[in-house]
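Worksheet for the structure shown next.
The analysis underlying the following values was restricted to heavy atoms, covering all of them including side chains, and did not include hydrogens, waters or symmetry mates.
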Amino acid sequence: MTVLALDIGGTKFAVARIDATGTLLDRAEHPVGQSPTATLRGLVADFAAPGLTAVGIASAGPIDTVAGTVSPINIPRWRGYPLVSAVQRLVPGVPVSLAGDAQCMALGEWWRGGHGGSSLLGIVVSTGVGGGLIIDGRPWTGRTGNAGHIGHVILDLDGEPCVCGARGCLETIAGGPSMVRWALAQGWTLATGRPDAKALAAAAREGAAIPLAAFHRAADALATAIVNTASVLDIQNVVLGGGVAATGDLLLAPLRTAITARAGMPYLRDLRVSPTTLSRDAGLFGAAALALHATGNPLTPAANTDNSGTRADR
Ligand SMILES: [Zn+2]
C-alpha cells in the first residue's frame, strides 16, 4: 500500500510516495514559483502512479480543514485556495486528507522519528510558533483542525499584542522576529548586516549578553508553555523543529533547564525534549501518516532509538 504525501511550504512544495511501513520510495521538491497551481500540478502529475490508495497534505497556514482550503501567508496567490479539491482532480478516486504543517511535523516525528511513546507534542519555532499533538497514537487535530497551536498559549496577561488578536502569546516572546525585537529594545546593536533571527543566534553563539538573554527568555517562555500543556495532557515527549530550534543547544540547553525549574507535579519531571530527527522530511512523513490514518490503517511508530531524547532533568 502506497500513499502520496505533499508538503506545501511557503517557498517550496515537496512530494513523496511512502508505503504503509514508512519507507520513502521517492521524493521531489520544487520552488513555489510564479504559479503555485502549475507547480502543484507538475509535481503531482510526476508522482500520481496507479496503485496509490490515498493522499495526505501538510500545508503552511492558515488552513481550513472543514472547507479544504489553504491561504499560506507566503503564497499571496492562494487565498482560500481549494487545495483538497484541486488534488482530488489530479489524483481521482482516492481520499485526500489535509492538516497543518506543524501538525504533520508532529505526526511524522511520532511515526518515524524514533522518539517512543504513544503521545507527542511537536513544536515548530521559527517566524511564528506552531505545533501539533499525537494523543494515544492518533493525530489530535481538534474541532476545527487547530489543536496543538501552542504559539497562542497566553503567558503574559499584560503582554505585547499578538498577530492573532490576543496579548502575551508564546509567539510574542519566542518567535524569531519577537526575539529580535526584544533584543533591539534592550540595546542590542549590529555593526553590519540585518538584525534578524540568524544574526541574533550568531551573536549569542559569540557570547553577546543581550542575544543570549533573548534566547534564555524565549527558552523560559517555551518551557512554561510546554509544562502547561503537559500538565493538562500528561504527555512525556516533546519534539522541536523550525529555524529557531535549529540553533541547537543555544535554545535546547536553557529550555531543558527551565523545564526542570518550572515542572512541579511528579508526572512532569521526566519530560523529554528532543530536536527533530526527520528534519525537512517530517512534514512528508506526517502527511503520509495522515493519509494512512484517514483510510483506517493502524500507525506503528518506529522503535525508540533514544538517539536524541535527553531528559530535561539530566
Ligand atoms: Zn497569539
Side-chain angles (χ1 to χ4, degrees), residues 7 9-12 14 29 31-32 60-61 72-74 101-102 105 109 113 122-131 150-151 155-156 159-163 168-226 238-262 272-283 307-310 312 314:
D7 188 358
T11 56
K12 66 176 173 55
E29 63 182 56
V32 174
I73 290 169
N74 291 324
D101 48 5
M105 170 271 193
E109 288 288 340
I123 305 178
V124 179
V125 190
S126 134
T127 304
V129 179
I150 195 168
L155 297 180
D156 182 349
E160 269 188 54
C162 181
V163 287
C169 298
L170 170 61
E171 191 168 299
T172 68
I173 303 171
S178 302
M179 291 169 66
V180 170
R181 209 165 41 243
W182 183 84
L184 291 170
Q186 306 307 305
W188 176 52
T189 53
L190 253 188
T192 55
R194 229 164 62 93
D196 57 13
K198 228 176 211 163
L200 189 74
R205 235 178 248 117
E206 283 165 16
I210 293 172
L212 269 175
F215 272 89
H216 281 247
R217 182 170 177 266
D220 195 20
L222 268 168
T224 307
I226 288 169
V238 181
V239 176
L240 285 191
V244 174
T247 56
D249 272 352
L250 210 48
L251 187 71
L252 271 174
L255 176 60
R256 287 177 174 139
T257 304
I259 286 177
T260 304
R262 296 227 175 251
R272 295 159 49 103
V273 182
S274 317
T276 165
T277 56
L278 302 174
S279 190
R280 64 176 189 156
D281 285 337
N307 55 358
S308 57
T310 304
R314 261 183 215 156

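Residues satisfying the side-chain contact (heavy atoms from CB on, under 4.5 Å) test with Ala204, not counting sequence neighbours, are Pro211, Leu212, Phe215, Leu250. Remark: Ala174 pairs with Val129, Leu170, Ala218, Leu222 by the side-chain contact (heavy atoms from CB on, under 4.5 Å) rule, at least two apart or across chains.
For the pair Thr247/Arg205, a side-chain contact is recorded, criterion being any heavy-atom separation below 4.5 Å from C-beta on. You'll find the side chain of Leu255 reaches within 4.5 Å of the side chain of Val273, heavy atoms only.
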Item to check | Evaluation steps, side-chain contact (heavy atoms from CB on, under 4.5 Å), between Leu252 and Arg256 | outcome: CA-CA 6 Å; Leu252 271 174; Arg256 287 177 174 139; 4.3 Å; yes
Next on the checklist: Could you go through Ile259 and Ile226, starting from their C-alpha distance and side-chain angles, then the distance that decides it, and tell me whether this counts as side-chain contact (heavy atoms from CB on, under 4.5 Å)?
Outcome noted: CA-CA 8 Å; Ile259 286 177; Ile226 288 169; 4.1 Å; yes
Checklist entry - What do the steps show when you test Leu240 against Leu251 for side-chain contact (heavy atoms from CB on, under 4.5 Å), and what is the final call? => result CA-CA 10 Å; Leu240 285 191; Leu251 187 71; 4.2 Å; yes
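One finds the OG1 atom of Thr276 at 12.0 Å from the CZ atom of Arg280 (value rounded to the nearest 0.5 Å). Going from atom CG of Asp281 over to atom CD of Glu29 covers 8.5 Å, rounded to the nearest 0.5 Å. The CD1 atom of Ile210 lies 7.5 Å from the OG1 atom of Thr189; values are rounded to the nearest 0.5 Å.
In this structure, Gly241 and Met105 approach most closely via the heavy-atom pair N-CE, 3.4 Å. Shortest non-hydrogen contact noted between Ala219 and Ala258 is O-CB, 4.3 Å. Shown here for Leu184 and Pro195, the closest heavy-atom pair between the two residues is CD2-CB, 4.1 Å. Nearest heavy-atom pair across Gly242 and Ser126 is CA-CB, 4.3 Å.
Remark: side-chain polar atoms of Glu109 are paired, donor with acceptor, to backbone N or O of Leu278 under 3.5 angstrom. A donor-acceptor contact shorter than 3.5 Å is absent between the side chain of Thr172 and the backbone of Cys162.
Using a cut-off of 4.0 Å between Lys/Arg side-chain N and Asp/Glu carboxylate O, Asp220 and Arg262 are scored as salt-bridged.
Side-chain contact, Glu171 with Ser178: no donor N or O sits under 3.5 Å from an acceptor N or O.
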